[in-house]
Amino acid sequence: MRQSKRKRVTSPAAGNDEHGGDAVAEQGAKKAVRTRKKVTVPPRSADVQKEEYHCWLMKSEPESRMEKGMDMKFGIEDLKSQPNQTACWDGVRNYQARNFMRSMKNGQKAFFYHSNCKEPGIAGIIKIVKEAYTDHTQFDPKNPHYDSSSKNDNPKWSMVDVQFIRMLKRYISLAELKKLHQKHKTTDGPLRNLALFTRARLSVQPLTQDEFEYILSLEEEKNTEEESEDDA
DNA sequence: GCCAACGTTGGC
DNA sequence: GCCAACGTTGGC
């Protein structure tokens with residue numbers, strides 16, 4: 001079974017890279033069989049899955065952490081200090097996150113989320129200034145996100161360029177968002193399906209316009225809900 | 001540092 | 001194609 005179904009890797013027009021399954025192209029037949037099917041996500045919550053998104057949340061780590069000798073730190077301040085306050089969003093190695101990036105359009109906005117840090121949360125707003133193109137780091141053996149299975153003539157991973165727009169007027173912590181999410185689940189509020197909680201590990205996530213605007217409206221409020229955060 | 005959640009791998 | 005084992009993410 002494994003050998004018999006081998007994918008025609010020589011065919012130029014396979015055109016299968018789009019759904020994120022084809023991890024495999026050359027690696028031998030064993031994997032080739034399996035991967036394609038998985039790509040389409042089982043209907044998760046059916047309605048949410050179909051819409052076209054215009055708003056995003058992108059995670060990055062603001063604190064130093066070494067990975068294969070390279071510092072992963074890239075917080076919103078680091079973006080701000082780039083030339084043009086613009087940077088490429090490289091290193092995404094998850095098919096769903098990649099596919100979301102591929103659907104991003106110039107001018108769309110995203111929250112810059114700080115993850116894996118003291119106080120995770122949303123720090124600011126960025127926008128897409130270059131639509132998906134090849135993430136060069138996948139071909140660099142010295143890069144922590146090097147992917148030896150990705151071939152030059154059919155790259156697996158993409159990235160976009162983002163530009164800093166502004167900081168939020170106040171930092172909106174994960175803890176605060178979580179409380180609202182919990183509440184909204186019972187009240188049918190705007191954050192009831194927020195991907196940050198329903199798809200926790202995705203590093204690039206879509207938001208509905210409603211979700212985006214609601215979260216933005218929070219920056220105007222005084223945050224009275226955050227007693228639990230001070231005992232850290 | 002721990003570990004739950006969940007995506008990926010690969011044998012069958 | 002199923003599913004157990006494995007690896008990674010990221011909150012705590």
Side-chain angles (χ1 to χ4, degrees), chain A residues 1-7 9 16-45 48-49 56-76 89-102 110-123 135 137-138 143-150 156-159 171-182 185 191 193-206 225-232:
Chain A
M1 199 152 300
R2 350 170 178 221
Q3 297 294 345
S4 53
K5 278 218 135 165
R6 133 172 251 149
K7 182 153 75 171
V9 287
N16 48 22
D17 195 54
E18 300 317 302
H19 322 295
D22 77 320
V24 200
E26 321 270 77
Q27 289 214 28
K30 328 185 176 183
K31 300 211 252 169
V33 183
R34 180 171 15 90
T35 13
R36 326 188 75 124
K37 219 45 186 255
K38 291 231 121 157
V39 262
T40 0
V41 194
R44 253 163 224 272
S45 87
V48 179
Q49 200 45 235
W56 311 96
L57 178 147
M58 303 173 80
K59 298 181 183 176
S60 189
E61 307 186 20
E63 295 174 5
S64 279
R65 182 176 63 83
M66 286 303 182
E67 193 174 319
K68 299 191 194 150
M70 197 170 280
D71 193 349
M72 293 297 106
K73 174 182 187 303
F74 192 80
I76 197 161
W89 205 268
D90 63 351
V92 171
R93 296 293 181 270
N94 168 285
Y95 288 114
Q96 283 196 336
R98 180 201 69 175
N99 291 346
F100 282 132
M101 283 202 298
R102 288 183 177 180
F111 287 129
F112 194 115
Y113 178 88
H114 280 169
S115 68
N116 209 8
C117 58
K118 266 292 177 37
E119 190 182 24
I122 298 174
D135 178 346
T137 64
Q138 69 198 293
N143 191 282
H145 305 296
Y146 173 61
D147 182 352
S148 61
S149 72
S150 184
K156 273 193 197 173
W157 305 111
S158 303
M159 62 188 184
Y171 190 77
I172 309 223
S173 73
L174 178 66
E176 179 178 0
L177 290 168
K178 185 179 279 175
K179 284 179 191 165
L180 290 166
H181 169 65
Q182 301 289 10
K185 278 197 292 189
L191 300 190
N193 291 324
L194 196 67
L196 197 54
F197 305 107
T198 60
R199 324 274 311 272
R201 292 177 35 199
L202 252 196
S203 68
V204 176
Q205 327 188 327
E225 318 203 348
E226 211 144 315
E227 324 83 41
S228 64
E229 281 301 294
D230 41 34
D231 52 13

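What's counted below: heavy atoms across the whole structure, side chains too, no hydrogens, waters or symmetry copies. Residue numbering restarts at 1 for every chain, and letters A, B, ... go by the order of the sequence lines. All values reported here derive from a predicted model rather than from experimental measurement.
Comparing the local axis fitted to the first five base pairs of the helix from dG1(B)-dC12(C) to dC12(B)-dG1(C) with the one fitted to its last five gives a bend of 10°, rounded to 10°.
Among the protein residues, Phe197(A) comes within range of no part of the nucleic acid, since none of its heavy atoms lies under 4.0 Å from any strand.
Aromatic ring centres of Trp56(A) and Phe112(A): separated by at least 6.0 Å.
Regarding Leu57(A), its CG atom lies at a distance of 11 Å from the P atom of dG10(C), rounded to whole Å. Between the CD atom of Gln205(A) and the P atom of dT9(C) there is a distance of 14 Å, given to the nearest Å. Between the C1' atom of dC12(C) and the CD atom of Glu63(A) lies a distance of 13 Å, rounded to the nearest Å. Here dG1(B) presents its P atom at 14 Å from CZ of Arg65(A), a figure rounded to the nearest Å. Taking atom NZ of Lys178(A) as the reference point, atom P of dG11(C) lies 8 Å away to the nearest angstrom. Rounded to a whole Å, the CE atom of Met58(A) is 13 Å from the P atom of dG10(C). Spacing between atom CG of Leu177(A) and atom P of dC12(C) amounts to 11 Å, rounded to whole angstrom units. Note: CD (Glu176(A)) to P (dC12(C)) measures 14 Å, nearest angstrom.
Sequence order on DNA chain B of the closest nucleotides to Asn94(A) and Asn116(A) puts Asn116(A) first from the 5' end.
Side-chain N/O atoms of Lys59(A) include none lying less than 4.0 angstrom from OP1 or OP2 on dT9(C).
Under the 3.5 Å distance criterion, with hydrogens and angles disregarded, no donor-acceptor pair is assigned to the side chains of Ser150(A) and Arg93(A). No hydrogens or angles considered: nothing links the side chains of Gln182(A) and Lys179(A) as a donor-acceptor pair under 3.5 Å. For the residue pair Ser64(A) / Asp71(A), a side-chain donor-acceptor distance below 3.5 Å is found, with atom types taken as modelled.
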Between Leu177(A) and Ile122(A), is a side chain to side chain contact (heavy atoms under 4.5 Å, CB included) present by the stated rule, with each step listed?
CA-CA 9 Å; Leu177(A) 290 168; Ile122(A) 298 174; 3.8 Å; yes
Apply side chain to side chain contact (heavy atoms under 4.5 Å, CB included) to the pair Met159(A) and Val92(A), showing each step before the final yes or no.
CA-CA 7 Å; Met159(A) 62 188 184; Val92(A) 171; over 6 Å; no
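Annotation: the span from His145(A) atom NE2 to Glu67(A) atom CD amounts to 5.0 Å, rounded to 0.5 Å. Atom OG1 of Thr137(A) is separated from atom CG of Asp135(A) by 3.5 Å, given to the nearest 0.5 angstrom.
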Please list, for nucleotides 5-8 of chain C, all pairs of protein and nucleotide N/O atoms separated by less than 3.5 Å.
from: dT8(C); atom 1: O2; to: Arg201(A); atom 2: NH2; distance (Å): 3.2

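Partner of Glu61(A) under the side chain to side chain contact (heavy atoms under 4.5 Å, CB included) criterion, out of Glu63(A), Lys59(A), Arg65(A): Arg65(A) alone.
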